[in-house]
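Just the heavy atoms: all of them, side chains too, but no hydrogens, waters or symmetry mates, feed the values below.
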Amino acid sequence: MIPCLCGSAPCLLCRCCPSGNNSTVTRLIYAFFMLLGVGIACIMLMPGMEGHLNKIPGFCEGGMGSSIPGVKGHVNCDVLVGYKAVYRVCFGMAMFFLLFSLIMVKVKSSQDPRAAVHNGFWFFKFAAATAITVGAFFIPEGPFTTVWFYIGMAGAFCFILIQLVLLIDFAHSWNESWVEKMEEGNSRCWYAALLSATAVNYALSLISLILFYVYYTHSDGCTENKVFISINMLLCVGASVMSVLPKIQESQPRSGLLQSSIVTLYTMYLTWSAMTNEPDRRCNPSLLGIIGLNSTTPAGQDRVVQWWDAQGIVGLILFLMCVLYSSIRNSSNAQVNKLTLTSDESALIEDGPAPENFEVGDGNNRAIDNEKDGVTYSYSFFHFMLFLASLYIMMTLTNWYSPDINYETMTSKWPSVWVKITSSWICISLYVWTLVAPLVLTNRDFD
């Protein structure tokens with residue numbers, strides 16, 4: 001077992017994964033690293049943890065009414081310590097993945113010595129990640145929290161765009177798979193399934209739209225929300241109509257309403273997520289308030305941060321799906337592969353592994369080194385994506401909130417709203433570009 005902790009990824013998982021591609025197993029282990037960090041960050045937000053966190057020197061000693069070094073006046077430590085702890089746990093994860101992103105630049109094959117570090121030495125990497133995270137708790141406060149908040153917003157914005165790229169890739173793969181099965185036989189069954197999935201996505205989007213207008217707008221205010229909802233509704237309708245235009249269908253026969261419905265539903269989520277960060281409480285009711293399970297907050301009073309609200313839970317689920325999908329994806333979409341710096345692994349799977357690529361241990365074939373001739377994905381970009389994912393999960397778990405001017409409560413701020421709503425517009429623009437690019441760039445191959 002000890003040699004496995006210092007060896008390759010397939011060796012570490014040999015009992016669970018007796019045979020598999022080295023590239024896939026390695027990504028799954030890094031995904032496990034990320035999920036472990038998320039779990040620790042969630043523990044920091046659990047009730048009762050503030051008493052333990054207050055014991056960390058310089059973190060927030062003395063509880064209510066104490067001071068944080070570098071911050072003038074008194075602070076509400078019971079509110080801030082969980083927030084600060086999440087920032088430091090995610091700082092440790094982010095720095096670990098950013099370091100590996102820089103180290104792994106231009107690794108071309110598993111013959112590169114750096115590839116051995118990427119695919120092995122798991123005990124030492126776990127120890128390094130732990131050391132960086134623990135050390136982050138002793139960073140002097142000063143401007144750290146404020147600066148890291150804005151860095152987190154920028155990184156989370158980029159990760160939202162990566163989510164959309166993976167979402168479009170998933171939608172295209174899903175559509176192509178079902179269309180191929182429909183053409184092979186039993187066309188009515190698969191056509192009905194395709195139509196049903198599209199209808200469900202659009203139905204959920206329509207329901208969301210109605211609920212937005214009912215609960216997040218008022219006749220005498222909430223102008224920003226009205227504009228956000230209306231603009232995104234029109235953009236989604238336009239993108240859906242565009243996807244079935246004859247010219248688009250001629251250049252991309254596999255494009256259709258299934259992909260548009262998924263992008264529309266994701267855009268509705270981003271719109272809702274943006275509105276849940278609006279500072280005006282009248283235009284941003286809590287989910288419990290909407291269903292009548294808690295009392296309303298007095299007008300003009302900031303609501304103390306709620307760690308486990310609906311927006312945060314949905315964001316966490318999307319994050320988990322995105323990280324796992326990026327770890328196991330074998331996409332045939334050449335344009336997405338170029339964007340994510342990934343090569344097509346399908347040939348390696350279809351042709352079958354060469355006998356010399358097996359790692360042999362205890363008489364059993366345990367793993368396939370499918371990267372001797374070239375890596376199947378960019379090591380550097382994969383780690384950079386996990387770096388951005390660390391920032392995204394940091395912002396999601398803290399609801400994109402930041403301390404107020406007196407460091408007494410956690411509040412929403414307009415920059416968070418604009419980051420999210422802008423990302424929704426860029427998301428729709430990216431999807432529309434995937435539709436019109438073959439018509440605009442006629443001299444390029446988009447197959």
- What orientation do F124 and F121 show, parallel under 30°, tilted 30 to 60°, or perpendicular over 60°? tilted
- Would you check if the distance from the ring center of F91 to the ring center of Y87 is below 6.0 Å? no
- Give a yes-or-no answer on whether the side chains of Y266 and Q163 include a donor-acceptor pair shorter than 3.5 Å. yes
- Message: Is it the case that the side chain of T434 and the backbone of Y431 share a donor-acceptor pair, with hydrogens and angles ignored and the cut-off at 3.5 Å?
- Response: yes
- Side chains of Y379 and K106: is there a donor and an acceptor less than 3.5 Å apart? no
- Query: Between the main-chain N or O of S424 and the side-chain N or O of N232, is there a donor-acceptor pair closer than 3.5 Å?
  - Reply: no
- Query: Is the distance between the ring centroids of F228 and W418 under 6.0 Å?
  - Reply: yes
- Are side-chain N/O atoms of K226 and T217 paired as donor and acceptor at under 3.5 Å? no
- Item | With C236, the side-chain contact (heavy atoms from CB on, under 4.5 Å) member among L209, T267, L265 | T267
- Query: Does a donor on one side chain and an acceptor on the other come within less than 3.5 Å for S240 and Y202?
  - Reply: yes
- Message: Can you confirm if the aromatic rings of H383 and Y30 lie within a centre distance of less than 6.0 Å?
- Response: yes
- Strictly by modelled atom types, are N119 and T26 linked by a side-chain donor-acceptor pair under 3.5 Å? yes
- Look at the rings of F96 and F100 and say which category their plane angle falls in: under 30° parallel, 30 to 60° tilted, over 60° perpendicular. tilted
- Message: Students often mix this up, so state it plainly: with edges at 30° and 60°, are the rings of F384 and F381 parallel, tilted or perpendicular?
- Response: tilted
- Measure centre to centre between the rings of F387 and F97, then say whether the value is under 6.0 Å. no
- Message: Side chains of Y216 and W272: any donor to acceptor distance under 3.5 Å?
- Response: yes
- Task: Please examine the side chains of M233 and F212, heavy atoms only from C-beta on, and report whether any two atoms are closer than 4.5 Å.
- Result: no
- Less than 6.0 Å separating the ring centroids of W174 and F170? yes
- Task: May I ask you to check whether S261 and T198 show a side-chain donor-acceptor distance below 3.5 Å?
- Result: no
